Amino acid sequence: MTYFLQQFLNALQLGSIYALIALGYTMVYGILTMINFAHGDLFMIGAFFCFIAAGLLKLPFVPTLLISMAGVALLGVAIERVAYKPLRNAPRVSAIITALGVGLFLENFTLVFSPYPQSVPTLIPNQTWMLGPVSISSLQIIIVLLSIGLMILLDLIVQKTMIGMAMRAISWDKAIVPLMGVPLNLIISITFAIGTSLGAAAGVMYAQAFPVIDPYMGIMVGWKAFISAVVGGIGNIRGAMIGGFILGLVEIMVAAFMPSTYRDFVAFALLLVLLIFRPHGILGKPRPQKV
Amino acid sequence: MSAADVLLSVQDLQVSYNNIRAVKGISFDVHEGEIVSLIGANGAGKSSTLRAISGLIPYTGTIAFQGKDLHKIPADQLVALGIAQVPEGRGIFGNLTVYENLKLATWQRKDKQELPKDYERVFTIFPRLKERRSQQAGTLSGGEQQMLAVGRALMSRGRVMLLDEPSMGLAPVLVREIFRIILEINKTGTTILLVEQNANMALRVANRGYVLETGVITLSGSGSELLGNPRVKEAYLGG
């Protein structure tokens, strides 16, 4: 039981990172019905920003986090403008192939500057407390609380603000939005900025939890987050959060109670099984036909 | 009427889709305070004309609003200039509540202190929307959705309201209701440009009308003139 609880805490940590990244996939899908397959690599860039700010500039945690989020947000907005916007009315396959290309570009671009794995300095003083028989570290607490805080903030933005309202309107019918006087391109840019900055925050926290980073680290984590978004119901923000925690839980529990090499196999199997029985994900709804 | 009264002027408008010309050089004016109806069959170019005015599709020719050329102005900024929209097929956001749909249309409004008065006005004209204000707009009936679309256009406080087939898919009693409301909105000072297949209703409320046939204006005149015109009767009013 103690072992299980301990693993549960680890799952919470991994799950919140997946959930943060999954939000970026789901937000972009929600407004543009495309999968931004470069998103996992933007998460990686976020981790490298952490390396630059903390390792090279010796900044503390909060400035590092903010620099990484802002830098990746700018990069995300630029990628949308340069690579995706010209394809907005093209077949979705073209946009997805472009996204894969952007991802490869980001990996290889980073590879030029950092051909070897880099180690990221620890920014959060490591302290461990005992909760009964279970130990919990300061890093775990910060990762889980910060992730949940960012998710609540996002939920408030989407549900309560005019910008969030415009995002939801775009996800329903993009063509009508300009007729309401709402600048479509601005809202799409804001969506990219928010989605990618959440991915960057995940990158910083991941680099703190697993402090050796390399240009390919975003690939597998990106796929897992993508699965989380699909499991939760792609396009559904709360679904992405739930999906992230489910995937974190499944992976950690598989690694804890089965040979850990089964981990990815079970994660992808989960996606396949879910797609058979619930193709719209846990919270996703089949879109009613408009009359 | 003098040129000073012209609110919206369309000169030699041409719209093409993949080399098929949908609108072949039409010209018409909408004067301040009028109701103008563009009538015509399916595919005559009515919606294309309206979509060009809304800045949604490329066109050649000149569209001017209050003397200002609209050619380079993006669609979302037209709303701020005073062009309110009731899109074809209503275009309501089904995943937003009724209230949120109305609120979104106030995006470009600078006079936020005036908003409560305008919500009140919309809810007075459409009491059903008030009852359902926190309901998802997708759960509304077709008639209620049309009311919401008109209410939304009112919230953006345009000087001219463009309506694309407001009668589409509605039962006759609702069609009469919608047209009664269009007249009422017009009386409070909003100019109306209406595109309709329902020629009978559209011409009855209109000060002036134009008949579009395969991308050209073939007839124009006052609403009652067109209603009495034998060609219009035969082609659009069922003989």
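Residue numbering restarts at 1 for every chain, and letters A, B, ... go by the order of the sequence lines. Quick caveat: nothing in here was measured; it's all calculated off a predicted structure.
Side-chain contact between M162(A) and T106(B) is present, with heavy atoms from C-beta onward closer than 4.5 Å. Between I170(A) and F93(B) the shortest side-chain heavy-atom distance does not fall below 4.5 Å. Inter-residue side-chain proximity for L179(A) and L56(B) is flagged as met; some heavy-atom pair is nearer than 4.5 Å. Using a 4.5 Å heavy-atom threshold, the side chains of V182(A) and L104(B) count as touching.
Considering CZ of R168(A) and CG of N95(B), their distance stands at 7.0 Å, rounded to 0.5 Å.
Neither the backbone nor the side chain of Q77(B) comes within less than 4.5 Å of any heavy atom of chain A. Using a 4.5 Å cut-off between heavy atoms, A105(B) contacts chain A through both its backbone and its side chain.
For I176(A) against G91(B), the heavy-atom pair with the smallest separation is CG2-O, 3.3 Å. Closest of all the heavy-atom pairs between W107(B) and A166(A) is CZ3-CB, 3.9 Å. Minimum heavy-atom separation, M180(A) to Q85(B): CE-O, 4.5 Å.
Under the side chain to side chain donor-acceptor pair (under 3.5 Å) criterion, the residue pairs touching residues 108-117 of chain B are R109(B)-D111(B), R109(B)-D118(B), D111(B)-R157(B), E114(B)-K117(B), E114(B)-R157(B), with sequence neighbours excluded.
Sparse packing is recorded around NZ of K130(B), with 12 or fewer heavy atoms of other residues, nucleotides or ligands lying under 6.0 Å away. Counting non-hydrogen atoms of neighbouring residues, nucleotides and ligands closer than 6.0 angstrom, the CZ atom of F109(A) reaches no more than 12 such neighbours.
Counting heavy-atom pairs closer than 4.5 Å to chain A, the top-ranked of the candidates A84(B), G94(B), S156(B) is G94(B).
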